[in-house]
Amino acid sequence: MIQKLRALVRIGIIAIMAFLLNLMPQFMLSASAASVSGFRPGNIMSDAVMGNYNSMTLAEIQNFLTIRGNCNNRDYNLYRQLTIRYPGITWHWQNGKFVCLAEERFGDGLLVGSGQTAAEIIYQAAQDYRINPQVLLVLLEKEQSLISDSYPNSFNYRTATGYGCPDTSACNTRYYGFKNQVRNAAALFRTVLNGGWSNYPAYRSTYIRYNPKANCGGTYVYVENRATAALYRYTPYQPNSAALNAGTGLGNACSAYGNRNFYVLFTRWFGSTQITSSRAPIVTSTVKPQATPLKSVPISKNSTNRNYVILPKKNPEAVALNAHSNGNVQLWTKNRSKNQQWRITYNKRTDDYTITNVATGKVLEVYRGFMVPTAKVQVNTNSQLCSQRWKIVSTGDGYYEFIPACSGRYAIYTYSNKTTIGTNLALWNLINSDTQKFIVIYSD
């Protein structure tokens with residue numbers, strides 16, 4: 001699919017090149033702290049993550065667009081210069097500023113300025129095609145920088161997700177329009193997830209090139225799942241070693257960045273592209289362990305100096321919270337090893353708790369402070385961040401919810417409501433669910 005620089009050249013205006021350098025995604029122009037170390041060409045994203053269509057509510061999508069966007073560009077001189085210099089492109093100026101994606105409305109076709117909000121279109125497409133809205137948000141940034149652009153234009157919107165824009169020919173005009181682009185992209189991903197055609201099918205080893213130029217070469221890649229097959233159907237190239245070694249910067253003349261940038265953006269904004277799963281059977285029991293629950297009040301020094309085991313309500317006899325060596329916190333066979341022991345420390349000044357893993361000395365945190373549904377819960381070095389502090393709240397029935405101090409809207413839950421070995425912990429909306437309830441017992 002298209003990138004801004006390549007796509008806009010097709011307009012035929014040579015002078016637009018200088019303008020585009022300012023519009024290209026920032027992560028394409030310089031390296032950042034985002035890591036590509038976890039990128040795997042055969043498993044860019046799991047099927048479960050791509051199909052997690054309830055990962056964000058409509059309000060959360062709107063909030064994400066508002067926070068990530070820059071809707072306060074009031075440079076009227078820039079607006080005048082752009083409209084004079086590029087008469088074939090329009091910018092929406094209203095109420096003394098550029099209108100960015102978070103505040104724009106779109107109708108059918110090329111209509112801009114009235115109709116549905118971008119958030120409404122993204123949410124509806126996610127629900128209709130059962131595709132993670134986070135995938136669509138990343139796609140909009142990867143293809144046209146629409147999430148971060150403070151002055152997007154009509155060209156950006158008409159090819160918003162790059163759908164119908166192959167690298168070797170002009171874009172197909174039948175797919176023009178923001179709503180059209182978002183819905184067609186979601187439909188393509190759902191088609192492949194359902195087992196439909198992909199030029200790089202799942203569960204097969206296929207030769208995938210590094211670049212549209214054949215002489216740049218490629219490698220055979222075993223595509224491990226349908227979500228990865230869908231991403232290659234959308235952007236049919238893998239990053240070469242130069243692109244990966246560049247981190248988030250530029251590689252060489254044979255580098256292609258689409259799937260690398262998709263991975264970088266998704267992990268930067270939403271956490272892992274994977275859900276760890278296990279085929280181990282769910283062990284069920286109606287017998288509750290003898291527990292001494294931690295009260296949701298300031299704990300004494302004596303209590304602070306003890307270690308605890310934290311068990312999910314749905315399967316307390318079989319599994320416990322475990323800190324993995326890679327930093328993930330997941331359910332694992334209950335064995336009371338030091339990886340399953342936690343030191344809970346009350347913070348008097350902030351009236352919350354720090355939860356430290358005994359084996360690693362690292363504290364429980366929300367990955368990168370992302371207060372959004374499905375954000376990963378992990379352990380990391382204690383930096384005194386609010387994403388590393390927790391409210392431990394009694395539900396009144398012997399169980400406790402762990403709510404991040406940064407936001408009272410979410411609580412820890414077992415991902416996808418599973419209680420099998422290997423299930424990761426994440427955030428979800430606070431809904432008084434059994435998957436958000438835990439037992440806290442002494443480890444000794």
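Note that the structure is a prediction, hence the values are computed from the model and not measured.
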Peer 1: Would you check if there is a donor-acceptor pair between the side chains of Asn63 and Thr66 at a distance under 3.5 Å?
Peer 2: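 Their side chains do not contain a donor-acceptor pair, so the 3.5 Å distance test is not met.
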Peer 1: Any chance you could measure Leu140, atom CG, to Leu101, atom CG, to the nearest 0.5 Å?
Peer 2: 6.5 Å
Peer 1: Can you give me the closest heavy-atom contact between Ala229 and Ala202, atom names plus distance?
Peer 2: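 Minimum heavy-atom separation between Ala229 and Ala202: CB-N, 3.8 Å.
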Peer 1: Is the Tyr237-Tyr257 ring centre distance short of 6.0 angstrom?
Peer 2: no
Peer 1: From the options Asn357, Thr356, Asn307, Thr354, select the one residue that forms a side chain to side chain donor-acceptor pair (under 3.5 Å) with Arg343.
Peer 2: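 Only one option passes, and that is Asn307.
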Peer 1: How would you list, by chain and number, every residue that makes a side-chain contact (heavy atoms from CB on, under 4.5 Å) with Tyr210, sequence neighbours excluded?
Peer 2: Thr219, Gln238, Asn240
Peer 1: Please report the interatomic distance CZ(Phe64) to CZ(Phe270), rounded to the nearest 0.5 Å.
Peer 2: 3.5 Å
Peer 1: Are any side-chain N or O atoms of Gln116 and backbone N or O atoms of Arg105, one a donor and one an acceptor, separated by less than 3.5 Å?
Peer 2: no
Peer 1: Between Arg40 and Glu224, does any side-chain N to carboxylate O distance fall below 4.0 Å?
Peer 2: yes
Peer 1: I'd like to know if Asp434 and Lys314 make a salt bridge, using a cut-off of under 4.0 Å between side-chain N and carboxylate O.
Peer 2: no
Peer 1: Roughly how far, to the nearest 0.5 Å, is CG of Leu146 from CD of Gln181?
Peer 2: 10.0 Å
Peer 1: Sequence neighbours left out, what pairs pass ring pair (Phe, Tyr, Trp, His ring centres under 6.0 Å) with at least one residue falling in residues 311-343?
Peer 2: none
Peer 1: Side-chain polar contacts of residues 120-132 - donor-acceptor pairs under 3.5 angstrom, sequence neighbours left out - could you list them?
Peer 2:
from, atom 1, to, atom 2, distance (Å)
Glu120, OE1, Thr117, N, 2.9
Glu120, OE1, Thr117, OG1, 3.4
Gln124, NE2, Asp128, OD1, 2.8
Gln124, NE2, Asp128, OD2, 3.4
Gln127, NE2, Tyr53, O, 3.1
Gln127, NE2, Asn54, OD1, 3.3
Asp128, OD2, Arg183, NH1, 3.0
Asp128, OD2, Arg183, NH2, 3.1
Asn132, OD1, Ser55, OG, 2.5
Asn132, OD1, Gln134, N, 2.9
Asn132, ND2, Val49, O, 2.9
Asn132, ND2, Gln134, OE1, 3.2

Peer 1: Using salt bridge (charged side-chain N to carboxylate O under 4.0 Å, His left out) as the criterion, list what pairs up with Arg204, not counting sequence neighbours.
Peer 2: none
Peer 1: Can you tell me how far the NZ atom of Lys142 sits from the CD1 atom of Ile147, to the nearest 0.5 Å?
Peer 2: 13.0 Å
Peer 1: Between CZ of Arg389 and OH of Tyr353, what distance do you get to the nearest 0.5 Å?
Peer 2: 13.5 Å
Peer 1: With a cut-off of under 6.0 Å to the ring centre and 45° to the axis, is Lys179 in cation-pi contact with Phe106?
Peer 2: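 Judged by the rule (NZ or CZ under 6.0 Å from the ring centre, within 45° of its axis), Lys179 is not positioned above Phe106.
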Peer 1: Would you mind reporting whether Ser46 and Thr273 have side-chain heavy atoms less than 4.5 Å apart?
Peer 2: no
Peer 1: Identify, with sequence neighbours excluded, every residue that meets ring-ring contact (aromatic ring centres under 6.0 Å, His included) alongside Phe39.
Peer 2: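 With neighbours one apart ignored, the set is Tyr263.
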Peer 1: Suppose we screen for ring-ring contact (aromatic ring centres under 6.0 Å, His included). Which residues come up paired with Tyr203, at least two apart in sequence or across chains?
Peer 2: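 ring-ring contact (aromatic ring centres under 6.0 Å, His included) list for Tyr203, sorted by chain: empty.
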